[in-house]
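In what follows, a single structure is set out as structure tokens and then discussed.
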Number of protein chains: 2
Amino acid sequence: MALKHAIMTHLMRGLPRNGYELVQYFAMDYERLWKASATQVYAELSRMAESGLLELVENRASSRSHGDYILTDAGRQELERWLLHTEADHGVRDDSLLKLIAIGALDDEQAQILIGNEQAYYRRRALALEKRLAEWPEEHEGRIWRGRRAIFHLWLVQARQTLEWLEKLETCLKNPDMPMDEIF
Amino acid sequence: MALKHAIMTHLMRGLPRNGYELVQYFAMDYERLWKASATQVYAELSRMAESGLLELVENRASSRSHGDYILTDAGRQELERWLLHTEADHGVRDDSLLKLIAIGALDDEQAQILIGNEQAYYRRRALALEKRLAEWPEEHEGRIWRGRRAIFHLWLVQARQTLEWLEKLETCLKNPDMPMDEIF
DNA sequence: TCCGGCATGTAAGCGGTTACATGATTGC
DNA sequence: GCAATCATGTAACCGCTTACATGCCGGA
């Protein structure tokens with residue numbers, strides 16, 4: 001039930017947001033912190049409002065919206081409880097990495113396609129992150145935004161490192177007699 | 001339904017394995033490529049055998065087991081189809097990173113606990129991966145094992161990089177006036 | 001003999017997806 | 001007036017977890 005907490009990490013910045021805006025955040029690629037479908041986000045928001053973690057306030061911006069959500073004190077308390085008193089789940093389900101683990105099943109030509117796809121993805125991602133960091137809004141200051149901005153730096157170095165690694169993977173497969181310790 | 005393919009990436013190495021052994025792999029930390037519960041693994045294995053992706057052969061090692069699974073030709077075909085003709089899902093659900101994104105909600109002392117927990121985890125992980133790479137069995141040779149071994153190298157550099165980043169995150173939070181570009 | 005690890009499940013329920021439906025508003 | 005976007009759902013279904021149950025084998 002971590003979507004609940006993912007929603008909280010968005011709302012903890014203090015800005016009131018409606019369901020649609022939150023759905024956009026969860027769908028955005030370079031902002032991506034949690035995968036979630038629209039249906040699920042709306043359902044979770046209702047549940048959280050009902051249980052008192054969120055409050056529905058008058059909408060700003062858009063007149064079509066039912067209203068905007070903000071974190072309540074109970075919500076902030078739950079956020080703190082989750083952060084400090086629950087263990088992080090390091091269990092992984094990374095579809096793209098799973099494919100790369102299986103790359104040995106393909107011949108050189110096919111492997112090249114798979115690696116190429118991943119390279120394209122991480123190049124796009126690195127560019128988007130660089131742009132996001134370069135254009136960081138000045139009003140995004142303070143402790144909460146600093147934490148968030150730091151994550152973008154982590155994502156960026158990880159993307160770059162993955163690109164480097166993909167090059168090495170290519171070398172490794174194309175030169176089956178080269179010792180792996182020489183490459184990595 | 002990617003557990004199916006996660007099971008295939010284990011069996012593609014050619015070694016017959018029973019359900020219990022596969023459950024162990026999925027539970028192992030430094031080997032971790034996909035999170036899955038025992039119940040789910042057994043259920044998926046039955047379904048895959050029924051649909052002809054796996055074959056149940058006579059058990060080696062253990063006499064208690066119902067039998068060992070191996071990949072069929074249809075299984076290898078499905079593996080190739082998945083690798084080449086489906087798009088990788090880059091959607092992320094990383095509980096531990098989600099917590100770090102929210103770290104701005106905590107004060108310095110509390111944040112230190114959270115960072116400490118993560119540091120402990122990644123130190124343990126880096127050590128386990130180093131050990132695994134240092135003790136890599138000689139019989140694990142050939143294209144399929146090379147691909148797998150390469151992933152361990154990626155995981156290791158990622159763990160080390162995350163440790164470096166956690167140090168910077170600490171600095172970043174403890175010195176709110178220091179410009180972030182100086183740290184990262 | 002009994003305990004711990006091996007080995008495989010069943011049943012209930014929650015979390016999450018996919019496909020589809022609906023209405024309201026803005027811009028051309 | 002019409003299309004695109006905004007905004008919020010319903011319904012059915014699947015994947016996955018949690019708690020519990022069962023039996024078998026080997027060793028102290």
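A note on names: the letters A, B, ... follow the listed sequences, proteins ahead of strands, and every chain is numbered from 1.
Residue B:Gln24 is the one, among B:Gln24 and A:Thr39, whose nearest nucleotide of DNA chain C lies closer to the 5' end (criterion: closest heavy atom). Each of B:Arg93 and B:Ala38 lies near DNA chain C, and the nucleotide nearest B:Ala38 is the one positioned closer to the 5' end.
Spacing between atom CG of A:Leu56 and atom C1' of D:dG9 amounts to 15 Å, rounded to whole angstrom units. Rounded to an integer number of Å, the gap from CH2 of B:Trp34 to P of D:dG15 is 13 Å. Rounded to whole Å, atom P of D:dC14 lies 16 Å from atom CG of B:Leu3. When rounded to the nearest whole Å, the span between OH of A:Tyr42 and C1' of C:dT22 equals 13 Å. We find that CD of B:Glu44 is positioned 11 Å from C1' of D:dC16, with the value rounded to whole Å. The CG atom of B:Leu45 sits 14 Å away from the P atom of C:dA7 (whole-angstrom rounding). Protein atom CZ of A:Arg64 is 8 Å distant from nucleotide atom C1' of D:dA7, rounded to whole Å. Between the CZ atom of B:Arg47 and the P atom of C:dG9 there is a distance of 12 Å, rounded to whole Å.
Of all nucleotides listed (D:dC16, C:dT8, C:dT18), D:dC16 comes nearest to the side chain of B:Gln40. Closest to the A:Ser37 side chain, of the nucleotides D:dC6, C:dT18, D:dT18, is C:dT18.
Counting heavy atoms from C-beta outward, A:Leu154 and B:Phe184 have side chains that stay 4.5 Å or more apart. Side-chain contact between B:Thr162 and A:Gln158 is present, with heavy atoms from C-beta onward closer than 4.5 Å. The shortest side-chain heavy-atom distance between B:Leu15 and B:Glu21 does not fall under the 4.5 Å cut-off.
Heavy atoms of A:Lys4 sit nowhere under 4.0 angstrom from any nucleic acid atom.
With rounding to the nearest 0.5 angstrom, the CD1 atom of B:Ile113 is 8.0 Å from the NE2 atom of A:His85. Rounding to the nearest 0.5 Å places CZ of A:Arg132 at 9.5 Å from CG of A:Leu129.
For B:Ser65, a side-chain nitrogen or oxygen approaches OP1 or OP2 of C:dT8 to under 4.0 Å.
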